[in-house]
Amino acid sequence: MLTRPEALALENASTHELENFSRHAAKLRDEYWGKTMTYSRKVFVPLTNMCRDDCGYCTFVQKPGSPNARIMTPDEVMAVVREGERLGCKEVLFSLGEKPEQRYSEAREALAKLGHVSMIDYLIEMCRRVLDETSLLPHVNAGTLSDEEVARLKPVSVSMGMMLENVSRRLLHRGQAHYACPDKVPVQRLRTLERAGRHGVPFTTGILIGIGETWEERVDSLQAINYQHRYYGHIQEVIVQNFRAKPGTAMANHPEPDLNDMVRTLVLARLILDPSISLQAPPNLESRFSAYIGAGINDWGGISPVTLDHINPERAWPQIDALREATARCGYGLEERLAIYPRYLKSPEHFLSTSLAERLEEIARDDGLALQQCV
């Protein structure tokens, strides 16, 4: 594992030094994860695209008054889920803007018509319907959560997630990426990670690079994640995601991180994080994504044969055949995992409700990966 001075020095490491670090990162990955890369076959359900935050890089969020602002109806949700089931998906990724009902009367009115007062209440209903009516497993990405909300969501979701993005409070200042974003206050996001740990929730988090943060702030963010995992053991995966500039946003002209920056940051992450934490990078945000394998990743994340990446809709998912071929050229196999990582299935009494544990027994192999493989 890297010391803090070593982690900081990696920013300016020479090409030769970076190659040595990369070999070490890949070796660590191989020792813990073997010669198999994984992915999760999913459908992406954007339950609402309204949000009380105004991130400088986001095109997902739509404000009331926009013709595209919406809360999906139960029928719309279940139509997407059933199509995913037909095509072999195992995961429903519920993603939603954070607490729009606390900012917009239109969101409160739309929820009232659905019989709810909060997005979390509605999310719980839809997770239950997925579990009752299909074979898929909900993974919930609902942003910052209270202790009560984590406790209520755990019985109806096999795992949860929230990108930490960065622990820098500087990014909340005027003109920065997280200005006017109450849910991006670092302490609030760290508290959500901690609450998930206390409740034994397998959790996905990560950092977003290229949004104006310094290298030291990346190091701080990864170390903060690792600290939570060492205490609770619940961080199942960390995503390193590269910022992509989008027209119409405040950061439309902001420079994007290049492939070298991504590789350097992935190496940093693999050498800071506990080896038991899966390291993931999205393959649809970089055309030369196979370079990530040499930097120590072991997972490609969720890929859908049905739905767009609604956060980056201009970036199509790679076809599974293409992903398998690119992975094979690097000397690795590709297998399908579930929305919960195998090691958490060994302690179901802590990490799963009884009903979810029973369902997983039916769809997981002995090694914890998906019984029905779509590769």
Side-chain angles (χ1 to χ4, degrees), residues 11 39-40 42 44-46 49-51 53-63 66 68 93 95-98 141 143 161-168 170-172 175-181 183-184 189 204-215 217-218 221-222 237-269 279-295 297 299-304 307-319 322-323 326:
E11 177 184 16
Y39 88 101
S40 177
K42 72 173 183 181
F44 194 138
V45 175
N49 58 7
M50 291 186 281
C51 182
D53 297 325
D54 288 308
C55 297
Y57 44 77
C58 183
T59 57
F60 171 76
V61 170
Q62 300 291 315
K63 294 185 178 181
S66 164
N68 297 319
L93 169 56
S95 185
L96 50 152
E98 297 204 31
N141 192 345
M162 178 203 66
M163 291 290 281
L164 176 61
E165 296 195 13
N166 202 277
V167 295
S168 172
R170 186 179 55 80
L171 296 178
L172 297 167
Q176 298 295 322
H178 291 155
Y179 177 69
C181 297
D183 297 296
K184 295 300 173 73
R189 298 183 89 73
T204 294
T205 189
I207 63 172
L208 178 61
I209 74 166
I211 57 173
E213 80 289 353
T214 66
W215 182 264
E217 288 165 344
R218 291 184 197 176
S221 301
L222 290 166
E237 62 184 356
V238 164
I239 304 166
V240 175
Q241 183 170 327
N242 46 319
F243 159 79
R244 286 294 191 179
K246 296 177 176 62
T249 67
M251 297 177 67
N253 298 315
H254 192 79
E256 300 177 342
D258 60 16
L259 179 61
N260 177 270
D261 197 11
M262 268 295 285
V263 166
R264 197 173 291 258
T265 306
L266 286 166
V267 170
L268 173 73
L279 182 61
Q280 175 195 130
N284 61 318
L285 301 185
E286 168 58 56
S287 60
R288 293 172 289 170
F289 59 82
S290 60
Y292 295 164
I293 296 177
I297 74 164
D299 187 78
W300 293 118
I303 296 175
S304 179
T307 51
L308 296 171
D309 175 354
H310 288 274
I311 307 301
N312 299 281
E314 76 285 1
R315 299 277 173 174
W317 304 114
Q319 296 297 310
L323 189 67

For [X] and [Y], work out which heavy atoms get closest and say how close.
X      : Y      : result
Ala252 : Ala245 : O-CB, 3.4 Å
Asp261 : Thr265 : O-OG1, 2.8 Å
Leu93  : Lys42  : CD2-NZ, 3.1 Å
Leu279 : Ala269 : CD1-CB, 3.8 Å
Cys181 : Cys55  : SG-N, 3.4 Å
Gly210 : Pro257 : CA-CD, 4.0 Å

Using the benzene-type ring in the case of Trp, are the ring centres of Phe243 and His254 under 6.0 Å apart?
->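 Yes, close enough.
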Is there a side-chain contact between [X] and [Y], using heavy atoms and a 4.5 Å cut-off?
X      : Y      : value
Asp54  : Tyr179 : no
Leu171 : Lys184 : no
Pro283 : Ile303 : yes
Tyr292 : Val240 : no

Quick one: pull up [atom1] in [X] and [atom2] in [Y] and give me the separation to the nearest 0.5 Å.
X      : Y      : atom1 : atom2 : value
Cys58  : Asp53  : SG    : CG    : 9.0 Å
Glu256 : Met262 : CD    : CE    : 12.0 Å
Leu268 : Arg218 : CG    : CZ    : 8.5 Å
Leu259 : Arg288 : CG    : CZ    : 4.5 Å
Met50  : Lys63  : CE    : NZ    : 13.0 Å
Asn166 : Leu222 : CG    : CG    : 9.0 Å

So with a 6.0 Å cut-off around CG of Asn253, is the heavy-atom count from everything else above 12?
->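 Open: at most 12 neighbouring heavy atoms sit under 6.0 Å from CG of Asn253.
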Set of residues satisfying side-chain hydrogen bond (donor to acceptor under 3.5 Å, both in side chains) with respect to Thr205, sequence neighbours excluded =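 Testing Thr205 for side-chain hydrogen bond (donor to acceptor under 3.5 Å, both in side chains), a comparison that skips the adjacent residues, returns none.
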side-chain hydrogen bond (donor to acceptor under 3.5 Å, both in side chains) against Glu98, all qualifying residues, sequence neighbours excluded |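 Scan of Glu98 (side-chain hydrogen bond (donor to acceptor under 3.5 Å, both in side chains), adjacent residues dropped) gives Thr144, Arg189.
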Any donor-acceptor N/O pair, Ser95 side chain to Pro46 backbone, under 3.5 Å |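 No: the side chain of Ser95 does not pair with the backbone of Pro46.
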Using modelled atom types only, decide if a donor and an acceptor are shared between the side chain of Arg170 and the backbone of Gln176 within a distance under 3.5 Å.
->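 No; judged by distance alone, with no hydrogens or angles, the pair does not exist.
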Evaluate the criterion side-chain contact (heavy atoms from CB on, under 4.5 Å) for residue pair Thr214 and Glu11; output intermediate values, then yes/no.
-> CA-CA 10 Å; Thr214 66; Glu11 177 184 16; over 6 Å; no
Please work out which of the three classes, parallel, tilted or perpendicular, describes the rings of Trp300 and Phe289, given edges at 30° and 60°.
->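 Rings of Phe289 and Trp300: perpendicular, as their planes differ by over 60°.
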